[in-house]
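Computed over heavy atoms, backbone and side chain alike; hydrogens, waters and symmetry mates excluded.
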Amino acid sequence: MNDFRFYSPTRFVFGRGVTDRAGDEIAKLGFKRALLVFGQGSVVRTGTLDRVKASLDAAGVAHAELGGVRPNPEITSVREGIALAREFEADIVVPVGGGSAMDAAKAIALGAVYDGNAWDFWRKRATPTDHLPLACVVTIPASGSEASNSCVISNDEEHLKCGLNTDLNRPVLAIMDPELTFTLPPYQTAAGVTDMIAHIMERFFSGQPAVDVTDNIACGMIRAVMDAAPRVMEDPKDYDARANIMWVGTLAHNGLAGLGLGVPGGRDGDWTCHGLEHELSAFDPKITHGAGLAVIFPAWMRYVWREHPERFLAFGEQVFGIEPVDPAVDDLSDVDEEITPERAIEDAVEATIDELQDFFVSLGMPRTLSEFGMTEDDIEKLMPGLSINRGELFGSFKKLTLDDARAIYRSAL
């Protein structure tokens, strides 16, 4: 087990109806002026925003609003939010929504107390040293942003989508009501489930040796969400299934699933697949992050598994119950060809990857990049951003080059 630091300052208020307690919880922490940040209409249509505003009013917390944040939030709306936060003299930023609203709010919280161009943080030209606190009202379980140190912002002018990790991004409060997720469209639910599983796998496949405690936590969370996801597809109002998905989404990305698996440089996982996917949704913001990961992760796995096959075997056994056949023990009388130990490992790993991808597809996720309308000609358009964000050599499970990235994208078509 590698050394690690774990910091999780977020206060969680989880359960039925807790949305109506948002104002009281924020006021109890001493905040008086909240900037509400939300997306393009769902929290308005469902009445969630009105409930939050009513709770703030009842608690005596003044509020201003920044609406219209798009999926894959862009730096322009962040700049609008920074100006509004300063004008309103907000002392806390309150995103109401999913990962996009939360990422935009985190960026506003950092930029509101910074004299320069907030985009400097994402291009690594400056390091944030202060922020406004955040309190999240979570309506879409997926990103885990309500407890994570990460924030991803796009810049359409530069055709970039960049991430920033700092403990300043960790919210002080998360209001989590699973009932708010009852109305999520199936595609959005499936993309969220895929995203949280990917957050766990990025850490599991860090390239570091097994950590029994962390591995069991990680694989247990994946099993739990894989059990719950088909249930909510059948019954969107299955509260227990929705609650399990929401809580796994949080724990998948607050760092718990990577403790002891960290790599040199401070990362708690490989994060190559997220890097590869970010270029897809930077290229076309209509590509949902989780849907892109559903395609990219299996393609990456098939490309790299031989570097550390033992991790894939452990994953297959713990998540799917898949073990390599043992020619010395198993009955192979119905098998036409010789099964060598090497072939047994390959078959088990390929079966594991197939099971994972088939699960994503069963939820309605795409299997190939061509389903997004992408062609081989588009691959080269992804390379400049990938080079800026990841460099010429990247990855900890297996060191990859830009040519390797091209091959992975190509295999996913």
Is it true that [X] and [Y] make a salt bridge, defined as a side-chain N closer than 4.0 Å to a carboxylate O?
X      : Y      : answer
Glu234 : Arg231 : no
Arg21  : Asp24  : no
Glu279 : Lys381 : no
Arg406 : Glu380 : yes

In the structure I gave you, are the side-chain heavy atoms of [X] and [Y] within less than 4.5 Å of one another anywhere?
X      : Y      : result
Ile245 : Thr181 : no
Ile26  : Leu56  : yes
Glu307 : Phe205 : no
Ile200 : Val225 : no
Val295 : Phe360 : no
His199 : Trp271 : yes
Glu350 : Trp305 : yes
Thr352 : Met301 : no

Kindly say whether [Y] contributes a backbone atom to a donor-acceptor pair with the side chain of [X] at under 3.5 angstrom?
X      : Y      : value
Thr288 : Gly290 : no
Arg223 : Gln318 : yes
Asp378 : Thr375 : yes
Asp215 : Asp212 : no
Asp195 : Ala191 : no
Asn244 : Asp240 : yes
Arg367 : Val361 : no
Glu65  : Gly67  : no
Asp91  : Lys32  : yes
Arg311 : Phe204 : yes

We want to know whether [X] and [Y] form a side-chain donor-acceptor pair, criterion being a heavy-atom distance below 3.5 angstrom.
X      : Y      : value
Thr272 : Asp270 : yes
Asn2   : Gln208 : yes
Arg170 : Asn254 : no
Thr10  : Glu146 : no
Ser387 : Glu392 : yes
Asn169 : His131 : no
Glu371 : Thr368 : yes

Between atom [atom1] of [X] and atom [atom2] of [Y], what is the distance when rounded to the nearest 0.5 Å?
X      : Y      : atom1 : atom2 : value
Lys237 : Thr183 : NZ    : OG1   : 9.0 Å
Ile296 : Cys273 : CD1   : SG    : 7.5 Å
Asp403 : Ile408 : CG    : CD1   : 11.0 Å
Arg51  : Asp177 : CZ    : CG    : 6.0 Å
Ile175 : Phe14  : CD1   : CZ    : 12.0 Å

Heavy atoms from other residues, nucleotides or ligands near [atom1] of [X] exceed 12 (cutoff 6.0 Å):
X      : atom1 : answer
Glu89  : CD    : no
Arg5   : CZ    : no
Lys124 : NZ    : yes
Arg11  : CZ    : no

Run the ring-centre check on [X] versus [Y] and record whether the distance is less than 6.0 Å.
X      : Y      : result
Phe121 : Tyr114 : yes
Phe297 : Trp300 : yes
Tyr303 : Phe397 : no

Open item on the list: Run the side-chain contact (heavy atoms from CB on, under 4.5 Å) test on Gln40 and Val69 for me, step by step, so that the C-alpha distance in whole Å, both residues' side-chain angles and the decisive distance to 0.1 Å come before the verdict.
Closed with: CA-CA 6 Å; Gln40 298 179 327; Val69 173; over 6 Å; no
Open item on the list: Can you confirm if the NZ or CZ of Arg242 lies within 45° of the ring axis of Phe182 and under 6.0 Å from the centre of its six-membered ring?
Closed with: no
TODO: Check step by step if salt bridge (charged side-chain N to carboxylate O under 4.0 Å, His left out) holds for Asp354 and Arg302.
DONE: CA-CA 10 Å; Asp354 287 345; Arg302 297 185 202 282; 3.0 Å; yes
Open item on the list: Apply salt bridge (charged side-chain N to carboxylate O under 4.0 Å, His left out) to residues Asp57 and Lys53 and explain how you reach the verdict.
Closed with: CA-CA 6 Å; Asp57 289 338; Lys53 289 161 63 175; over 6 Å; no
- [ ] Could you give me the CA-CA distance, side-chain angles and deciding distance for His289 and His274, then say whether side-chain contact (heavy atoms from CB on, under 4.5 Å) is met?
- [x] CA-CA 9 Å; His289 178 56; His274 270 70; 3.3 Å; yes
Open item on the list: Angle between ring planes, Trp119 versus Trp122, binned at 30° and 60°: parallel, tilted or perpendicular?
Closed with: parallel
Pairs under 3.5 angstrom only: tabulate donor-acceptor contacts from the side chains of residues 94-111 to other protein residues two or more places apart or in another chain.
from	atom 1	to	atom 2	distance (Å)
Ser100	OG	Asn72	N	3.3
Asp103	OD1	Ser145	OG	3.4
Asp103	OD2	Val152	N	3.1
Lys106	NZ	Ser145	O	2.9
Lys106	NZ	Ser145	OG	2.9
Lys106	NZ	Ser148	O	3.1
Lys106	NZ	Ser148	OG	3.2
Lys106	NZ	Ser150	O	2.9

